[in-house]
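Heads up: the structure comes next, in structure tokens.
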Amino acid sequence: MTTATTTGATVSPTRKGASRARAQLTGDSSIYITIFVALVAVALTLGPIIYLGLGGFRSNGQIAADPTGLPDPWVWQNYWNILTNSTFWRYTLNSLIVAGATTLGVVVFGTMAAYPLARYQFRGREGVFIIFTAGLMFPLTVAIFPLFLLLQDLGLKGMWGLVVPQVAFALPVTVIIMRPFLAALPDELEEAAFMDGLTRVGFFFRMILPLAKPGMVTVGVLAFLGSWNAYLLPLVILTGRDAPKTLPLGVTEFQGQNASDFAGIMAYTFLAMIPALVFFLMMERRIVDGLSGAVKG
Amino acid sequence: MTALEASGTGKAPAVDAKASAAGDHPVTPATSNPRRDARRKRLEIAIFVGPALLIFFTFVVFPMVMAARYSLYKWDSRQPFELAEFIGLDNYTRALIGGTDPETQEIFWKAYAEPFWNAVGNNGQIIVLSMLIQLPVAMIVALVLNRKFAGRSSVRLIIFAPYVLAEVTAGLMWMMLLDPRGPVTQMIQGLGLPTPSQGWLEDPTWGFWTFFFIVSWKYIGLAIILFLAGLAGVPQELQEAASIDGASWWQVQWRINIPLIGPTVRVWAFLSIIGSIQLFDMAWVLNKGGSTGQYSTIATLMVDIGTQRNDGGYASALAIIMFIFSMSAALAYMALIMRRDTANGRTRKAKKGVKA
């Protein structure tokens, strides 16, 4: 990530040619191009989101009169109505519970499965691993209707109906990330632990779990984000009045019920974005690492 | 990435060392009886791997198999499956050519094959346009940003942010912005340019392009971040040496940086193709693929038929067709393009961690 800093360390300042070359590479005039591109990219990314957030502070009359204007005066009503509405909080809580339970399930079962696949010698080990890898080819989209029927037959309703399939479909990528991670822990550690009388199971609980925490956080973060943003599965499964709807469904429901309330929809959509953005800011490193790690795999 | 990369490279020797060690003596010296130890080990493996395997087979593999089975039946999904009628491959021929019965073929072509091929065309166009537009744009942005400047990490963070937003929220946001009376329309009219009268997304020609723009806004951050991560791995000495020899900025990018991040680009392309085939959320949120299917995809068509028309058999056939598309894209891609990377030492190490 830090190309420029590493160069500073490896290239000695006495090498005039190199530093001149660097000046040319990261040259004086081209810095303006970089800054220009950076500004355009940031404006295109943030502009729409900021517009959305500001739109929530306007009234429908203001928006109709001048779509591109700023709030004048600032209207707090839209956000206030949503934030004092219990359904918004219920949907947020549902999303949180489902995503939390999915994450827990993925991390627990994924790490457990990855441990023997990484550190045991047994026949069929590669076969089991290939089965999980092949799972990457099976998207939830393809299986959605049979899955719906299966969940009905098994009586898995509401949140459980979301959590269990989401864990199942997140397992392949989890095992793929966790296995090399666990395999990379030094063998000496294992030998020393066994010498001290620890069993393989003991080794898992005493050594693997603490040492694998970074990997577990990575897969957990990806699972959480996937579950938090999920749309198709809740859409198909959470039908009916009492279904514990998640936030993405809440957003579309609000839009459906208040189609002409532009300002309200903007406020609702913006509020629904905030948790994901906050989570992203906290976990940015993990998300990027996890994605590029998964990509490498 | 560093941890994973390290694990990838460290994997191969670790396995070899363990394999030879396992041949000589039991791995765990905790028990003295080798037979009891072997049984115990099998039990441990079953307890560790069993739950994951059980969940995986029940909720991933089994529904896939059932989808294949349902696709061979004429089945009103409001009825129990026992009442369904076996019709062989009829659902598939309907989708592809409007069925084999000459009497109904014309009607079925209109009802089944036309929306199907329209959706396939949209998926295909998104794949091609991603390679022709998203890839060069992301590459140029990554190359230009691949240097030190004030606020660099914040810029990267912001560029990546749309990728983590839910499709639902991002889609609705753009629906607001692109409303016929919304800000984008007003700004473009302000420049004196014409705007589509039915709105951006509903216009027969603009609809698809608008959708493609929204999809690109949402996903291009991943490409940029992956390319930047790849560029960080290119040895700086190479670029400096080339500059000393008089290579221009463009020559350095074209001859050194772009070729060296080839593997990253190819992996991104692979993800992009698979993602384009399975595209659903964004198209569904934006008015279910458009009122005349301007940007409907195989997945939105499938869900539409499964939930609105309750044709469980035909929806399952579409699901299987989509699966066949992604599977063959993946296999062809691995055979033709990724093989080059696995034959090349740099990436082989990283790959081995997974495949070994």
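Numbered from 1 within each chain, the chains take letters A, B, ... in sequence-line order.
For the residue pair B/Q186 / A/T68, a side-chain donor-acceptor distance below 3.5 Å is found, with atom types taken as modelled.
Heavy atoms closer than 4.5 Å to chain B are found in the side chain of A/V128, but not in its backbone. Only the side chain of B/F280 comes within less than 4.5 Å of a heavy atom in chain A; its backbone stays farther off. Looking at A/L140, neither its backbone nor its side chain comes within 4.5 Å of chain B, counting heavy atoms on both sides. With a threshold of 4.5 angstrom between heavy atoms, A/L44 approaches chain B through N, CA, C or O but not through any side-chain atom. Residue B/V303 touches chain A through both its backbone and its side chain, counting heavy-atom pairs closer than 4.5 Å. Interface residue B/A315: only side-chain heavy atoms are found under 4.5 Å from chain A. Neither the backbone nor the side chain of A/L247 comes within contact range of chain B; no heavy atoms are under 4.5 Å apart. With a 4.5 angstrom heavy-atom cutoff, B/M302 touches chain A via backbone and side-chain atoms both. For chain B, the nearby part of A/P172 is the side chain; its heavy atoms alone come within less than 4.5 Å. Neither the backbone nor the side chain of B/F81 comes within less than 4.5 Å of any heavy atom of chain A.
For the set B/I140, B/D179, B/I274, the entry with the most heavy-atom pairs within less than 4.5 Å of chain A is B/D179. Counting heavy-atom pairs closer than 4.5 Å to chain A, the top-ranked of the candidates B/V155, B/V60, B/V49 is B/V60. Between chain A and the options B/P183, B/S316, B/G221, heavy-atom pairs under 4.5 Å are most frequent for B/P183.
In this structure a side-chain-to-backbone donor-acceptor pair under 3.5 Å is missing from A/N229 to B/E167. Put simply, the side chain of A/W228 never gets that close to the backbone of B/L165: no donor and acceptor are under 3.5 Å apart. Panel note: side chain A/T34, backbone B/V144; a donor-acceptor pair is recorded below 3.5 Å. No side-chain donor-acceptor contact under 3.5 Å links B/K41 to the backbone of A/R200.
Taking CZ of A/R123 as the start and CZ of B/R42 as the end, the distance is 9.5 Å to the nearest 0.5 Å.
Between A/Y115 and B/F48, the angle of the ring planes goes over 60°, which puts this pair in the perpendicular group of the 30/60° scheme.
Atom CZ of A/F36 is surrounded by 12 or fewer heavy atoms from other residues, nucleotides or ligands within 6.0 Å.
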